[in-house]
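Here the structure is laid out as structure tokens; the discussion comes afterwards.
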2 protein chains.
Amino acid sequence: MFPKATLERLKLYHRLLSEEKEEYISSEEIGGRLGIPPEQVRKDLSYLEYKGKPKVGYHVKSLLDELNRLFGLDKKVKVIIVGAGNLGTALTNYPGFSNYNIEIVGIFDKDPAKIGKKVGDLVVLPMEYLERVIKRFNVEIGAICVPKESAQEVANLLVENGIKAIWNFAPALISVPEYVIVRNEDITLGLLSLKHMLEVKNTQSKQG
Amino acid sequence: MFPKATLERLKLYHRLLSEEKEEYISSEEIGGRLGIPPEQVRKDLSYLEYKGKPKVGYHVKSLLDELNRLFGLDKKVKVIIVGAGNLGTALTNYPGFSNYNIEIVGIFDKDPAKIGKKVGDLVVLPMEYLERVIKRFNVEIGAICVPKESAQEVANLLVENGIKAIWNFAPALISVPEYVIVRNEDITLGLLSLKHMLEVKNTQSKQG
DNA sequence: TAGATTGTTAATCGATTAACAATC
DNA sequence: TAGATTGTTAATCGATTAACAATC
């Protein structure tokens, strides 16, 4: 397939194109807005089936369609969320997901105080309902929004019940069988990057 | 300095070492747990001042100290959060931040219904207090937890008030002067990765 | 000492950049 | 047609891997 780095940039192009109002866009324009050299943009897009038009640029809608297909956005995917704390609630209520053709069909918690509470259109269910909901709605993705101490336990439960991919928001390493996809969204890693950049900048300004 | 890819892995080593109970750890062990070849681990660690001991491995505490210094975790940094919705609340209440030597000193919202509400030990303040809090506490990082429509507006406000780094949780591109550091935590990009991996796996299993 | 593990140099691989040809 | 922009090939650069020397 294409380079890992290219895939990362294709995600950025996708976001940019989703908000683009013009009919055509050039590699110069895309690159300029994202801070990426236009040659790189063209190279990246050359991996796709869709071809741009010399002198005109890339047809936004066609290119977006191609990227949607690539990212599987043309197929609906069901998601459940485990953990009805602030993060799980934020995720459930996130307004942008409809654009990505995913549907949140359940939110779970083990805390009796949270069970029965309404979160958006959903009602927080006890963990015992996990299996039923996964099977009934054919859920493919499970999001882990529990404290890191319970992350592995929840991961095991999701795997046992046939979930295909885990979206892990807990700042913890989880181990799963190799056939299960894991995507980690550990904000503490982001924080390390930020602090590092601040640190580098501070020491540079002292030296320079 | 060292490669960008190395820095990313150093963050993973940092997280792993923070939870390690043994006194020494080998590159084999680190790599095994993170799915990284041990040669790569040694190469990465060779960029640091700290040296491991042949036949013994790396002294966990010393290595962690070195990484803490590298990431600027030995210096306290103040953070404010703009947006007191579920995400801003989740971030404010996040229990792990004390380990990273950051302190959340304020949470802001423009919604009168949210102002005055308690979030952890803090009280949600109106936007007018932003400047005062930033100056008073010498705040370096501002986290944007508002809907994407307001993200740029908030970013401008933060920049005007002298914030050094922006931690952007809104799924939007924001533009800031080049001297301001931006770290984007756009979960919609993570979602694209997940859907792509599912898509690839599904088409592979159909073909294979 | 022998053996295990780190550290480093060289070789390979992959990604980016530059140059230019193709094309509308 | 001339000019602008894409697409592609080749050259460069950077990161990973392999091999092995250093060392406790």
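Source: prediction; values computed, not measured. Basis for what follows: all heavy atoms, side chains included, without hydrogens, waters or symmetry-related copies. Throughout, a chain's letter reflects where its sequence line sits, starting with A, and its residues are numbered from 1.
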Contact boundaries on DNA chain C for chain B, cut-off under 4.0 Å to non-hydrogen atoms: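 Contact span on the strand: C:dG3 to C:dT9.
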
Can you tell me if [atom1] on [X] sees more than 12 non-hydrogen neighbours from other groups inside 6.0 Å?
X      : atom1 : value
A:K53  : NZ    : no
A:K110 : NZ    : no
B:K148 : NZ    : no

Mate of C:dA4 where both pairing distances stay under 3.5 Å, Watson-Crick or G-U: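 C:dA4 is paired, partner D:dT23.
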
Complementary nucleotide for D:dT16 - Watson-Crick or wobble, under 3.5 Å: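 Pairing partner, where one exists within any strand: C:dA11.
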
B:V41 side chain near B:L34 side chain, heavy-atom distance below 4.5 Å: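 Of all side-chain heavy-atom pairs linking B:L34 with B:V41, none is under 4.5 Å.
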
Value rounded to 0.5 Å, distance of CE in B:M127 from CZ in B:F108: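 Answer rounded to 0.5 Å: 8.0 Å.
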
Inter-residue atom distance B:I163.CD1 - B:I144.CD1, 0.5 Å rounding: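 Going from the CD1 atom of B:I163 to the CD1 atom of B:I144 covers 9.5 Å.
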
Which residue lies more 5' along DNA chain C, comparing A:K43 with A:V56 via nearest heavy atoms: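 Result of the comparison: A:K43.
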
Sugar-phosphate only, base, or nothing, as touched by B:P37 at under 4.0 Å among non-hydrogen atoms: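 Sugar-phosphate contact only - B:P37 comes under 4.0 Å of backbone atoms but never of a base.
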
